[in-house]
Structures are given as structure tokens and as C-alpha cells.
> 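I have a structure here, written as C-alpha cells, and I will follow up with some questions on it.
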Amino acid sequence: LAKTTQPISMDSYEGQEVNITCSHNNIATNDYITWYQQFPSQGPRFIIQGYKTKVTNEVASLFIPADRKSSTLSLPRVSLSDTAVYYCLVGDSRMDSSYKLIFGSGTRLLVRP
Amino acid sequence: EAQVTQNPRYLITVTGKKLTVTCSQNMNHEYMSWYRQDPGLGLRQIYYSMNVEVTDKGDVPEGYKVSRKEKRNFPLILESPSPNQTSLYFCASSFDGQVSNQPQHFGDGTRLSIL
């Protein structure tokens with residue numbers, strides 16, 4: 001049974017780099033790791049996705065070690081508008097061949113001026 | 001504009017009164033899903049659908065029903081709502097059933113209060 005673990009909250013200041021780590025010990029061989037951002041009263045919004053090593057896009061980087069049991073979302077030079085909840089998502093292949101998506105509990109990032 | 005639309009956005013109702021939350025997507029996506037979000041528990045999957053007429057249970061399906069008669073629509077049905085179903089609900093869609101490697105597009109949410 002896959003389970004993801006993230007820090008409950010993190011604080012940062014504008015202009016700093018923020019790294020949020022997610023643990024997923026039982027990730028399936030074919031699963032990707034996906035991160036979402038959620039603002040109050042809105043649905044989650046896709047940020048980045050990766051399978052292994054490093055992925056970078058215009059808003060974030062994702063680092064995945066060789067064993068894939070964890071991943072780190074890196075937000076460069078955060079601003080106040082990056083204050084949100086960040087979710088790590090992996091799949092969960094069950095013994096009965098069902099497949100469910102598992103969200104982590106989320107990390108509440110607060111960016112201070 | 002590509003979007004997932006949920007209705008209603010807010011609803012207050014009473015125990016036992018059947019209700020339906022509609023979800024529609026305009027991206028021709030095969031995969032659709034419902035989640036509920038509760039404080040401290042993050043998002044939990046209720047039901048999902050890999051395509052028309054194909055649905056399956058997520059992690060918390062008790063007390064809910066879904067149907068997928070058309071590709072674009074995926075309504076969530078509460079036949080006999082109870083107070084423990086008071087929550088914030090999200091519908092999502094993605095291109096196909098390879099959901100592990102496909103971004104999901106989420107609606108803006110429906111806040112249900114069951115008295």
C-alpha cells in the first residue's frame with residue numbers, strides 16, 4: 001500500500017529557494033510522481049511531473065533519486081504568490097489489481113515578505 | 001477554454017435528501033475522477049472512470065454513486081446524504097487512463113453541507 005509523507009508546513013521568505021520532500025516507499029515501477037499546487041477555494045493545479053532523475057520547467061524542478069522512494073520539489077526564488085498547499089501524487093497498484101491515485105497530506109507553504 | 005465545470009459550487013441540504021453534483025469537461029478526456037477534501041486529510045479519491053460506462057471505486061466510495069453515460073459528464077450522486085459527507089468535492093479529468101503520468105485538470109470545487 002503506497003503512502004506518501006510530506007512535511008505539514010514550511011515557512012520561507014521572498015526570494016529564497018524552497019525544497020519540499022515527499023516520501024513514497026512503495027511506488028510502483030511504472031508510476032510517475034506528480035506535484036500539484038492548491039490555493040484556497042480552488043482546485044489543485046498541476047506543477048510538474050517526473051519519473052526519475054531531474055525534471056525542470058518554467059516554475060519548478062523535481063529531483064528523484066535512483067531508488068525513487070522519495071522526490072523533492074524545488075521552487076526557485078519564491079514570491080508571496082507561491083503561498084499555497086503543495087501535494088505530492090503517486091499511484092497505488094493494489095494486490096487486487098485495482099489502481100488508485102494517492103495524494104499526500106499536503107505541505108502548507110507560507111512565504112513571508 | 002479548456003475546463004472542468006462543477007455545479008453547484010455551494011449547497012446546503014438536509015440528511016437523506018438525494019442530491020447530484022454535476023461535472024463536465026470540454027477536453028474530450030477519457031479519465032474522470034471525484035475527490036473529497038477534508039481538513040487534515042488532504043484529497044481522497046471517491047470514484048473514478050476510465051471511459052464511458054467504466055467506473056471503479058476509489059479509497060472512500062461508501063455513500064456515493066457515479067455514472068458515466070457520456071464522455072464529457074461524470075455526475076456524483078449522494079442517494080441519502082449524511083452529515084459525515086459534509087466536505088469540499090473536486091472533479092478532475094485527464095487525457096487517458098494512464099493517470100500516473102498524465103496531469104489532472106481540476107474543477108473549482110463544490111462545498112457541500114449536510115445538516
Side-chain angles (χ1 to χ4, degrees), chain A residues 1-9 22 24 26-52 55 57 59-60 62 64 68 71 84-94 96-108, chain B residues 2-7 9-10 21 23-25 27 29-51 54-61 87-112:
Chain A
L1 177 63
K3 179 178 179 181
T4 57
T5 304
Q6 303 174 233
I8 294 174
S9 64
C22 177
H24 28 78
N26 294 328
I27 186 171
T29 302
N30 296 329
D31 282 344
Y32 282 61
I33 299 146
T34 311
W35 285 80
Y36 289 84
Q37 176 191 56
Q38 187 179 25
F39 298 112
S41 302
Q42 294 185 24
R45 184 174 69 96
F46 172 83
I47 302 175
I48 196 167
Q49 184 178 67
Y51 183 79
K52 62 180 179 181
V55 178
N57 62 22
V59 298
L62 179 60
I64 305 169
R68 301 194 342 113
S71 59
V85 178
Y86 292 82
Y87 290 95
C88 165
L89 179 63
V90 298
D92 178 21
S93 298
R94 304 286 176 92
D96 62 357
S97 299
S98 65
Y99 188 91
K100 297 178 175 63
L101 291 174
I102 307 294
F103 272 81
S105 55
T107 297
R108 190 172 299 274
Chain B
Q3 59 186 2
V4 177
T5 303
Q6 299 178 224
N7 280 296
R9 293 291 313 280
Y10 305 91
V21 184
C23 175
S24 179
Q25 50 92 3
M27 296 166 279
H29 283 171
E30 290 185 355
Y31 181 91
M32 296 185 75
S33 180
W34 276 102
Y35 298 86
R36 61 177 289 173
Q37 185 172 35
D38 302 288
L41 296 177
L43 284 98
R44 294 179 292 167
Q45 191 176 40
I46 303 171
Y47 269 95
Y48 63 95
S49 169
M50 302 286 273
N51 212 325
V54 181
T55 63
D56 206 348
K57 297 177 181 179
D59 265 334
V60 288
S87 186
L88 179 59
Y89 291 85
F90 290 102
C91 180
S93 73
S94 64
F95 179 72
D96 62 23
Q98 299 298 317
V99 290
S100 177
N101 58 14
Q102 296 280 348
Q104 290 190 70
H105 300 259
F106 284 81
D108 286 332
T110 296
R111 187 168 292 280
L112 287 183

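Proteins come first, then strands; the chains are lettered A, B, ... in the order of their sequence lines, and each starts at number 1. What you see is a predicted model; the values in this text were computed from it and never measured.
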> So do B:Q37 and A:Q38 actually touch side chain to side chain, heavy atoms under 4.5 Å?
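Contact flag for A:Q38/B:Q37 side chains = yes.
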> Taking only residues two or more places apart in sequence or in another chain, which ones pass side-chain contact (heavy atoms from CB on, under 4.5 Å) with B:R111?
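Only B:Y10, B:L88 meet the side-chain contact (heavy atoms from CB on, under 4.5 Å) criterion with B:R111.
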> Side chains of A:P44 and B:L43: closer than 4.5 Å at any heavy-atom pair?
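Yes; the side chains approach each other to less than 4.5 Å.
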> Between A:G106, A:G50, A:G43, which has the largest tally of heavy atom pairs under 4.5 Å with chain B?
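Most pairs with chain B among the choices: A:G43.
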> Does A:Y36 use its side chain to pair, donor to acceptor, with the backbone of B:Q104 at less than 3.5 Å?
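Such a contact is found between A:Y36 side chain and B:Q104 backbone.
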